[in-house]
Protein chains: 2
Amino acid sequence: MINTGTRLQQVKTHLLNYISQNKLKRNDQLPSEASIAKTLGVSRNTLREAYISLENEGIIMRRHGVGTFVANSPLIRDSLNDFAPFAQIIKDGGYTPSFKTISVERITPPVDVYKTLNISPADQVRRIKRIVLADEKPVIYIEDYLSPLVQAEVPDWSQFNGKMVDFLAAALNTRLQQIQSNIRAAALSSQISQYLEKEVGTPVLSVRSTIYTVDNQAVSYSQIYFESDIVELNIVRMIRTH
Amino acid sequence: MINTGTRLQQVKTHLLNYISQNKLKRNDQLPSEASIAKTLGVSRNTLREAYISLENEGIIMRRHGVGTFVANSPLIRDSLNDFAPFAQIIKDGGYTPSFKTISVERITPPVDVYKTLNISPADQVRRIKRIVLADEKPVIYIEDYLSPLVQAEVPDWSQFNGKMVDFLAAALNTRLQQIQSNIRAAALSSQISQYLEKEVGTPVLSVRSTIYTVDNQAVSYSQIYFESDIVELNIVRMIRTH
DNA sequence: CACAAGAGATTGGACGTCCAACCTCCTACA
DNA sequence: TGTAGGAGGTTGGACGTCCAATCTCTTGTG
């Protein structure tokens with residue numbers, strides 16, 4: 001068994017490998033909690049938590065009195081149940097992803113930005129404009145606003161994988177606590193239309209995310225626009241009646 | 001303590017009541033796991049699961065070595081972390097919700113509907129068209145397609161609270177397993193524009209949800225259009241680095 | 001042959017215990 | 001006075017145990 005992370009993580013990794021190595025498909029049954037627990041040398045409790053966690057992620061289904069089964073192919077998992085970076089989402093959709101950083105600059109923040117980041121209007125923030133391309137076609141436009149609290153530099157924005165959380169976690173001393181996201185539909189503005197190469201007024205998915213530290217400090221505010229013809233958000237929610 | 005549901009549910013209900021009764025605000029500290037467990041007469045394990053569950057719902061934050069705190073006001077919780085019915089979402093936004101059922105009819109299903117429900121094109125399905133109003137202004141348009149497997153009638157659609165899951169759970173013998181939702185931006189079509197009373201082409205949030213039973217039978221397919229000026233989706237995700 | 005009862009397997013729920021990791025704050029010592 | 005270190009409280013993680021609830025399949029009985 002893999003020796004990194006908590007035992008729960010190790011068990012989850014093992015199970016995911018088990019599913020892919022045995023080429024298990026939707027509705028294929030997994031071994032019982034007791035038997036896997038014995039095989040891996042962990043308590044049934046721990047194994048059960050791994051099963052529950054995977055069920056919450058929409059990968060398996062557990063059925064009382066019957067057994068545990070594969071739900072969906074892990075390949076079509078989505079961006080909101082986990083923190084899959086953009087590259088993965090696009091790859092999963094069968095496209096080749098690439099990134100392009102348009103600009104990195106220090107600016108005086110717009111109203112919504114300094115209000116959200118809870119800083120003074122005079123404070124300078126860093127704005128990073130990027131686009132994500134699928135097979136060379138721009139599909140996502142990203143504007144990140146970094147609070148002055150974030151000093152670290154990204155060595156190479158063009159290699160940045162799109163997971164702002166990972167960058168911030170490494171750049172800050174303080175722990176991150178949560179991401180609040182807001183999803184709405186918007187009409188493509190003229191400024192952004194040049195990047196997404198779509199007509200002004202085209203409906204796009206607008207996601208605004210704020211990342212907070214454990215001290216409730218907002219450290220990053222991102223506006224993301226999804227070209228809705230190719231990229232879409234998917235969510236799987238389990239229904240438990242018990 | 002309340003005597004309904006599992007002990008975990010009872011504990012969660014107790015904690016929610018505790019927060020609202022003591023008018024706890026963001027960052028207010030909750031009693032430690034050990035002390036509440038003792039007070040309620042449950043094991044620390046059970047209480048911990050309740051705390052974890054509430055954290056996943058974005059209601060509280062737990063901080064290793066420090067304590068547990070209130071995250072957001074439970075009032076601004078959203079539609080994707082839990083299954084809040086539309087009425088609640090609108091009420092939370094400070095509006096008065098009302099419902100209007102436009103039509104309930106048996107029809108021959110469109111392609112995407114019979115494909116999703118996995119039935120024959122000749123099978124008849126029930127289509128329910130409804131709108132949700134906030135302060136008399138239409139803000140959500142809903143088209144539900146019920147599989148022929150669902151025989152039960154809703155006694156009064158106008159009183160229906162918008163939770164299709166609850167209705168289906170009661171109407172079917174089989175257990176429900178999961179909801180798959182797909183979110184994208186769309187331009188308002190002419191048919192729907194008459195209900196949402198907005199110009200054709202206005203960007204709207206389009207959410208398509210399919211409800212599956214434990215047998216992987218799709219039993220309901222819904223297309224929901226959100227008027228994005230008033231209604232929006234919010235998601236809170238906790239970041240755990242451990 | 002039909003159907004009810006029961007055995008066996010599986011997940012669901014809860015408890016009690018133990019130690020690790022983490023954070024805060026106070027105290028003692030240089 | 002400043003700082004290192006430790007005490008004490010809190011959450012994190014894992015284990016082992018017990019019984020309930022649910023489902024399937026076999027077996028026995030009318």
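The figures here come from the full heavy-atom set of this structure, side chains too, leaving out hydrogens, waters and symmetry mates. So you know, we letter chains A, B, ... as the sequences are listed, proteins then strands, and number each from 1.
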Check: What's the closest nucleotide to the B/Arg44 side chain, out of C/dG13, D/dC15, C/dC18?
Finding: C/dC18
Checklist line | Axial cation check for B/Tyr145 ring with B/Arg126, 6.0 Å and 45° limits | finding: no
Checklist line | Rounded distance (nearest 0.5 Å) linking atom CZ of A/Arg127 with atom OG1 of A/Thr108 | finding: 10.5 Å
Item checked: Whole-Å distance separating the OH atom of B/Tyr51 from the C1' atom of D/dT11 -> 11 Å
Item checked: B/Lys38 NZ to C/dT17 P, straight-line distance once rounded to whole Å -> 13 Å
Notebook entry, point to check: What's the CD-P distance between A/Gln10 and D/dG13, to the nearest Å?
Noted result: 13 Å
Checklist line | From B/Arg63, B/Lys12, B/Arg62, residue fulfilling salt bridge (Lys or Arg N to Asp or Glu O under 4.0 Å) relative to B/Glu55 | finding: B/Arg62
Item checked: Whole-Å distance separating the CG atom of B/Asn45 from the P atom of D/dC18 -> 16 Å
Notebook entry, point to check: Quick one: which of C/dG12, D/dG13, D/dG16 gets closest to the side chain of B/Arg48?
Noted result: D/dG13
Check: Just how far, in rounded Å, is C1' of D/dA20 from CG of B/Leu8?
Finding: 16 Å
Can I get a per-line list of side-chain donor-acceptor pairs under 3.5 Å for residues 35-42 of chain A, giving both atom names and the distance, sequence neighbours left out?
{"residue": "A/Ser35", "atom": "OG", "partner": "A/Ser32", "partner atom": "O", "Å": "3.2"}
{"residue": "A/Thr39", "atom": "OG1", "partner": "A/Ser35", "partner atom": "O", "Å": "2.8"}

Margin query: Between P on C/dT10 and CD1 on A/Ile60, what's the gap in Å once rounded to a whole number?
Written below: 15 Å
Margin query: What is the distance, to the nearest angstrom, from the CG atom on A/Leu30 to the P atom on C/dT10?
Written below: 13 Å
Item checked: salt bridge (charged side-chain N to carboxylate O under 4.0 Å, His left out) contacts in which one or both residues fall within residues 42-52 of chain B, not counting sequence neighbours -> B/Glu33-B/Arg44
Note to self: Let's see if you can work this out: which of D/dA14, D/dG12, C/dG13 has an atom nearest to the side-chain heavy atoms of B/Arg62?
What the structure shows: D/dG12
Check: Any side-chain N or O of A/Thr46 under 4.0 Å from OP1/OP2 of D/dA14?
Finding: no
Check: How many Å lie between CG on A/Leu47 and C1' on C/dT10, as a whole number?
Finding: 13 Å
Next item on the list: Search all heavy atoms of A/Ala218 against all heavy atoms of A/Ser147 and return the closest pair with its distance.
Entry: O-CB, 3.9 Å
Under 3.5 Å between N/O atoms: give me all the protein pairs with nucleotides 4-10 of chain D, atom names plus distance.
{"residue": "D/dG9", "atom": "N2", "partner": "B/Gly65", "partner atom": "O", "Å": "2.9"}

Next item on the list: May I ask you to decide whether A/Arg130 forms a salt bridge with A/Asp144, counting only side-chain N to carboxylate O separations under 4.0 Å?
Entry: yes
